Amino acid sequence: MTISKSLTTTLLAGVAALGVAGAAQAASLAEIQESGTIRIAVANEIPYGYIDPVTGDAMGAGPDVAKYIVEQLGVENIEWVTTDFSSLIPGLQADRFDMVAAEMAVIPTRCSTVIYSEPNTSYGEGLLVPAGNPGGLTGYQDFADNPDLTVAIMAGANQLDMMQALGVSESQLVTISSNADAISTVSTGRADAYAATGLTASELAGQSDAVEVAEGFTDPIIDGEEQRSWGGFVFAQGNEELRDAVNDILAEYKQTPEWEASVTGYGFTDADVSRSFDVTTEELCTE
């Protein structure tokens with residue numbers, strides 16, 4: 001199965017920080033199909049969902065799969081919206097877009113404010129450190145063990161929950177608004193490391209000789225369980241009809257080699273692919 005070249009996309013760039021007083025009514029599946037346009041947000045995070053700076057095309061594990069799903073829904077046009085990661089959920093609640101394709105991790109705190117598709121991907125954690133890794137960092141536990149260390153996290157990311165669960169103090173956390181700030185934050189010593197998914201850390205390390213991925217990294221263990229994330233498409237509460245339609249198509253697409261090729265083409269490993277089937281969204285939302 002291939003994505004039709006007739007599918008058109010329009011980029012809506014520069015969505016500002018969103019102040020949301022209350023949730024707006026999301027466009028229904030029928031309204032989206034009638035209009036022929038769906039608005040899908042990404043957070044410009046490689047390899048999950050981003051806009052190619054050269055071509056202006058939406059790319060990543062989320063957008064590529066979303067394009068196929070949207071075509072199957074009979075919707076001809078996608079308006080791609082870029083915004084900060086922390087503005088994705090407020091944007092859905094304010095009806096700034098209909099769907100998020102940022103491979104946002106499914107976690108209970110988010111499930112109380114938005115609804116998710118079934119998982120599209122699975123991925124582990126990582127650390128971006130200064131070149132040479134002068135601190136010898138190999139995991140998130142290092143920050144709990146040494147209160148003099150600081151770690152950067154992206155606003156709205158679930159690494160905050162992990163750090164808090166491990167006992168890392170508030171004073172050790174440096175919040176940045178986007179991945180674009182991570183390299184300078186780490187290379188200039190504003191933070192000793194940047195905590196992100198392994199895929200994100202690897203992508204950032206490839207952009208500068210001043211930073212690298214912490215070798216020998218081990219995923220954090222919290223309450224006896226290895227921490228791994230499962231990312232899915234996100235919708236506003238009350239938009240279950242759209243979510244269910246996406247789930248139906250996604251379930252069939254994940255059984256095809258085309259889906260696997262799309263995901264692994266962005267660096268997801270065979271283990272990431274196989275483990276994306278491990279749990280359901282219901283299980284992840286109730287952990």
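Note that the structure is a prediction, hence the values are computed from the model and not measured. Just so you know, residue 1 is the first one in the sequence shown, and it goes up from there. What you see below is based on every heavy atom in this structure, not just the backbone, and it leaves out hydrogens, waters and symmetry mates.
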- Message: To the closest 0.5 Å, what do you measure between CD (E31) and CD (E241)?
- Response: 9.5 Å

- Message: For the backbone of L250 and the side chain of E252, can you confirm whether one donor and one acceptor N or O come within less than 3.5 Å of each other?
- Response: no

- When hydrophobic residues are tied together by side-chain contacts of less than 4.5 Å, even through go-betweens, does M162 share a cluster with Y48? no

- Task: Mark yes or no for whether R39, through its side chain, and M99, through its backbone, hold a donor-acceptor pair below 3.5 Å.
- Result: no

- Task: Answer whether the closest heavy-atom distance between the side chains of N179 and F85 falls below 4.5 Å.
- Result: no

- May I ask you to decide if S87's main-chain N or O and D84's side chain share a donor-acceptor pair within less than 3.5 Å? no

- Query: Transitively linked via ILVMFWY side-chain contacts under 4.5 Å: M154 with L160?
  - Reply: no

- Note on the structure: Rounding to 0.5 Å, atoms OG (S28) and CD (E240) come to a distance of 12.0 Å

- Worked check of side chain to side chain contact (heavy atoms under 4.5 Å, CB included) between V42 and I51: CA-CA 8 Å; V42 295; I51 303 300; 4.3 Å; yes

- Message: Nearest 0.5 Å, please: how far is CZ in R110 from CG in L284?
- Response: 12.0 Å

- Could you walk me through whether T197 and T200 pass side chain to side chain donor-acceptor pair (under 3.5 Å), step by step? CA-CA 5 Å; T197 68; T200 294; 3.0 Å; yes

- Query: Within a strict 4.5 Å, meaning less than it, do heavy atoms of the F268 and L199 side chains meet?
  - Reply: yes

- Using side-chain hydrogen bond (donor to acceptor under 3.5 Å, both in side chains) as the criterion, list what pairs up with T175, not counting sequence neighbours. none

- For residues L173 and V151, determine if any side-chain heavy atom of one lies less than 4.5 Å from a side-chain heavy atom of the other. yes

- Applying side-chain hydrogen bond (donor to acceptor under 3.5 Å, both in side chains) to N146 and not counting sequence neighbours gives none

Could you tabulate the donor-acceptor pairs under 3.5 Å formed by side-chain atoms of residues 121-132, not counting sequence neighbours?
unit_1	atom_1	unit_2	atom_2	d
T121	OG1	E103	OE1	2.5
S122	OG	R228	NH1	3.0
S122	OG	S229	O	3.3
Y123	OH	E103	O	2.6
E125	OE1	Y140	OH	2.6
E125	OE1	Q159	NE2	2.8

- Query: With E34, which residues qualify under side-chain contact (heavy atoms from CB on, under 4.5 Å), at least two apart?
  - Reply: none

- Query: Can you tell which of E118, E260, K254 makes a side-chain hydrogen bond (donor to acceptor under 3.5 Å, both in side chains) with S276?
  - Reply: K254

- With a 4.5 Å heavy-atom cut-off, do N44 and S178 have their side chains touching? no

- Compare every heavy atom of L29 with every heavy atom of A245, then report the nearest pair and how far apart it is. CB-CD2, 3.8 Å

- Item | N120 versus W259, side-chain donor and acceptor atoms under 3.5 Å | yes

- Minimum heavy-atom distance I32-S35, with the two atoms named: O-OG, 3.0 Å

- With the side chain counted from C-beta on, respond yes when D142 and T138 share a heavy-atom pair under 4.5 Å apart, and no when they do not. yes

- Query: If you look at every heavy atom in G232 and V106, which pair is closest and at what distance?
  - Reply: N-CG2, 4.3 Å

- Just wondering, do M104 and Y116 contact through their side chains at under 4.5 Å, heavy atoms? yes

- Item | Nearest heavy-atom neighbours spanning T150 and V174 | CB-CG2, 4.4 Å

- Kindly say whether D244 contributes a backbone atom to a donor-acceptor pair with the side chain of N247 at under 3.5 angstrom? no

- Item | Separation of T113 OG1 from I89 CD1 (nearest 0.5 Å) | 4.0 Å

- Message: Going by side-chain hydrogen bond (donor to acceptor under 3.5 Å, both in side chains), name the residues that satisfy it together with E282, two or more places apart in sequence or in a different chain.
- Response: none

- Task: Quick one: which residue pairs count as a ring pair (Phe, Tyr, Trp, His ring centres under 6.0 Å) with a foot in residues 157-207, not counting sequence neighbours?
- Result: none

- With a 4.5 Å heavy-atom cut-off, do I40 and P63 have their side chains touching? no

- Message: Filter on salt bridge (charged side-chain N to carboxylate O under 4.0 Å, His left out), then keep only pairs touching residues 186-215, sequence neighbours left out; what's left?
- Response: none

- If you round to the nearest 0.5 Å, how far is CD1 of I115 from CZ of R243? 4.5 Å

- Query: Backbone N or O of S169 within a donor-acceptor pair of the Q172 side chain at under 3.5 Å?
  - Reply: yes

- Hey, could you give me the NZ/CH2 distance between K67 and W80, rounded to the nearest 0.5 Å? 6.0 Å

- Quick one: name the residues clustered hydrophobically with V213, using the 4.5 Å side-chain heavy-atom rule over I, L, V, M, F, W, Y, and just say none if it's on its own. none

- Query: Is the side chain of N239 donor-acceptor paired with the backbone N or O of A27 at a distance under 3.5 Å, no angle test?
  - Reply: yes

- Answer yes if I221 and M163 sit in the same cluster of Ile, Leu, Val, Met, Phe, Trp and Tyr residues linked by side chain heavy atoms under 4.5 Å apart, and no otherwise. no

- What pairs with Y50 under side-chain hydrogen bond (donor to acceptor under 3.5 Å, both in side chains), at least two apart in sequence or on another chain? none

- Hydrophobic cluster identity match, V279 and I107, side-chain contacts under 4.5 Å: no

- Message: Restricting to non-hydrogen atoms, name the atom on V65 and the atom on A61 that form the minimum distance, rounded to 0.1 Å.
- Response: CG2-O, 3.3 Å

- Item | side-chain contact (heavy atoms from CB on, under 4.5 Å) partners for A41, two or more places apart | V81, L88, F97, V100

- Any chance you could pull the hydrophobic cluster mates of V54, using side-chain heavy atoms under 4.5 angstrom and chaining through other members? none

- Message: Any non-hydrogen side-chain atom of I46 less than 4.5 Å from a side-chain atom of Y266?
- Response: no

- Taking all non-hydrogen atoms of both residues, which atom of A26 and which atom of D95 are closest, and how far apart? CA-OD1, 3.8 Å

- With the 4.5 Å side-chain cut-off for hydrophobic clustering, are F233 and L73 part of the same group? yes

- Message: For the backbone of I69 and the side chain of Q72, can you confirm whether one donor and one acceptor N or O come within less than 3.5 Å of each other?
- Response: no

- Item | For D278, salt bridge (Lys or Arg N to Asp or Glu O under 4.0 Å) partners two or more places apart | R275

- Is the side chain of N77 donor-acceptor paired with the backbone N or O of G36 at a distance under 3.5 Å, no angle test? no

